[in-house]
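Report on one structure; see the data block that follows.
Just the heavy atoms: all of them, side chains too, but no hydrogens, waters or symmetry mates, feed the values below.
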Amino acid sequence: MGEGEFLIGRSPSCQLSLDDPLVSRRHALLIVTSSDVSTEDLGSRNGVLVNGQRINGRHTLNVGDRILIGAQEMTLLESKSEEQPGMTSTARLARLSISKIPKQALAPGTATASHFATAPPAMNSVNPREDTLQGPRRPVGGLSVIASVAEKSLSMNRVEEAERIISASLHDVLEQVRSGQHVGSEVVDLAARLAARLASATGKGAWVDYVVELYFREARPCPAPVIDELYIALRKVNAVQTQQLRDYVGRLRERVSSFGPAERFLFQRLEGLERLAGLRG
């Protein structure tokens, strides 16, 4: 998250819209300013809990704090100031993880007391960014939630907001793939589809290059929805790394004899994509 206010609730107008009966239509805010990160209860019925304690009004967060909103738990993993591309000054960024709590942990009378019985994990000895990259399961849940927020922003033509929301998570997925960690095809395909949509929306060829590198390292054809989006994006972006695309298609060509009919068809579409990129120079 970059600086600004991030509205959470059941209303479709919220940046994070939750289909959860425990969540009010406009439940809470997450606020990132140049000096700190905080959360605010907007008068919700079930309240906002930080480390098991219900808050009133605005509450400043520390790294490691756990925020409970309905059945969604958010942990503040990182809060720091960074210089970001396109920004003229240093801005504060916050990184959070989001997970859903099992229903049995939210039973009446035991809802939050049992869940927060243990203290939040110590964060001073662990790099929070690295902690989020350990194992394939964390990015699946986190990316899927953030993806829904980003896609909503794209559908409302809030392109810069969508890119800001999702770019860090997408680059985390790519770094895992680069380091040889098992991420899972579901995560890769979701990341690729989002990146291809960003390419179409922003006109940035770097997002096409992102998709190509993901599947080059996976050594498999893109799924059809990703290829469809790449065809759209290639007509809109400023430039792409055509050699990287050639290398990817070439790598698949070496394996095409082992492909089934569906994979062969996808490969043929990727050859067409390579030709289109070549015509664009």
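Listed by first and then second residue, the salt bridge (Lys or Arg N to Asp or Glu O under 4.0 Å) pairs involving residues 220-236 are Asp189-Arg220, Glu218-Arg220, Asp228-Arg269 (not counting sequence neighbours). Here salt bridge (Lys or Arg N to Asp or Glu O under 4.0 Å) pairs that include residues 39-51, with residues two or more places apart or in two chains, are Glu40-Arg58. For the salt bridge (Lys or Arg N to Asp or Glu O under 4.0 Å) condition, the pairs that include at least one residue of residues 201-214, sequence neighbours left out, are Glu163-Lys204, Arg178-Glu213, Glu213-Arg217. A salt bridge (Lys or Arg N to Asp or Glu O under 4.0 Å) check over residues 255-265, counting only residues at least two apart or in different chains, returns nothing.
Across all non-hydrogen atoms, the minimal contact from Ala191 to Val173 is CB-CG1, 4.1 Å. Among all heavy-atom pairs drawn from Leu18 and Val23, the shortest one is CD1-CG2, 4.2 Å. Scanning all heavy atoms of the two residues, the minimum distance from Ile227 to Cys222 falls at CD1-O, 3.4 Å. Across Gly64 and Asn51, no two heavy atoms sit closer than the pair O-OD1, 4.4 Å. Taking each heavy atom of Cys14 and Gly9 in turn, the nearest pair found is SG-N, 3.5 Å. Closest non-hydrogen pair, Pro221 versus Leu266, comes out as CB-CB, 3.9 Å.
Between Thr242 and Val240 the shortest side-chain heavy-atom distance falls below 4.5 Å. Two residues are said to be in side-chain contact when any heavy atoms from C-beta on lie closer than 4.5 Å; Leu170 and Leu198 meet this criterion. Residues Leu194 and Trp207 are not in side-chain contact: their nearest non-hydrogen atoms beyond the backbone lie 4.5 Å or more apart. Between Val211 and Leu214, the closest side-chain pair of non-hydrogen atoms is not below 4.5 Å. Contact annotation: the side chain of Gln176 never approaches that of Val187 to less than 4.5 Å [non-hydrogen atoms, C-beta and beyond].
Rounding to the nearest 0.5 Å places CZ of Arg66 at 13.5 Å from CG of Leu61. Distance check, rounded to the nearest 0.5 Å: CD of Glu5 to OG1 of Thr33 gives 10.5 Å. How far CG of Asn157 is from CD of Glu160: 10.5 Å, rounded to the nearest 0.5 Å. Atom CZ of Arg10 and atom OG of Ser17 lie 9.0 Å apart (nearest 0.5 Å). The distance from the OG1 atom of Thr39 to the NE2 atom of His59 is 8.5 Å, given to the nearest 0.5 Å. Taken to the nearest 0.5 Å, the CD atom of Glu78 stands 10.5 Å off from the CG atom of Leu96.
Partners of Ser153 under the side-chain hydrogen bond (donor to acceptor under 3.5 Å, both in side chains) rule, at least two apart in sequence or in another chain, are Glu161. Glu271 pairs by the side-chain hydrogen bond (donor to acceptor under 3.5 Å, both in side chains) definition with Arg253, not counting sequence neighbours. Under the rule for a side-chain hydrogen bond (donor to acceptor under 3.5 Å, both in side chains), Thr60 has no partner lying at least two apart in sequence or in another chain. Residues forming a side-chain contact (heavy atoms from CB on, under 4.5 Å) with Gln243 (at least two apart in sequence, or on another chain): Arg246, Asp247. Residues meeting the side-chain hydrogen bond (donor to acceptor under 3.5 Å, both in side chains) test with Arg26, sequence neighbours left out: none.
Hydrophobic clustering, with ILVMFWY side chains joined whenever heavy atoms are under 4.5 angstrom apart, keeps Ile8 apart from Met156. Cluster annotation: Val212 and Leu276 are assigned to the same hydrophobic cluster (Ile/Leu/Val/Met/Phe/Trp/Tyr, side-chain heavy-atom contacts under 4.5 Å, transitive). Hydrophobic clustering keeps Ile232 apart from Leu273 (ILVMFWY residues linked when any side-chain heavy atoms are closer than 4.5 Å, directly or through intermediates).
Grouped with Ile31 in one hydrophobic cluster are Leu7, Leu29, Leu42, the linkage being side-chain heavy-atom contacts under 4.5 Å among Ile, Leu, Val, Met, Phe, Trp and Tyr residues.
Relative ring orientation between Tyr210 and His171 is described as perpendicular, the plane-to-plane angle rising above 60° on a 0-90° scale split at 30° and 60°.
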Test log, rule side-chain contact (heavy atoms from CB on, under 4.5 Å), inputs Met74 and Leu16:
CA-CA 12 Å; Met74 305 177 196; Leu16 180 54; 3.7 Å; yes

Does the side-chain contact (heavy atoms from CB on, under 4.5 Å) test come out yes or no for Phe216 and Leu245, once each step is laid out?
CA-CA 9 Å; Phe216 175 84; Leu245 180 55; over 6 Å; no

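Asp172 and Ser169 form no side-chain donor-acceptor contact under 3.5 Å, judged by distance and modelled atom types alone.
Looking at His182, its side chain never comes within 3.5 Å of a backbone N or O of Val177 through a donor-acceptor pair. Judged purely by atom type and a 3.5 angstrom limit, Asn238 uses its side chain to pair as donor or acceptor with the backbone of Gly205.
Summarising the local packing, CZ of Phe265 is surrounded by 12 or fewer heavy atoms from other residues, nucleotides or ligands at distances under 6.0 Å.
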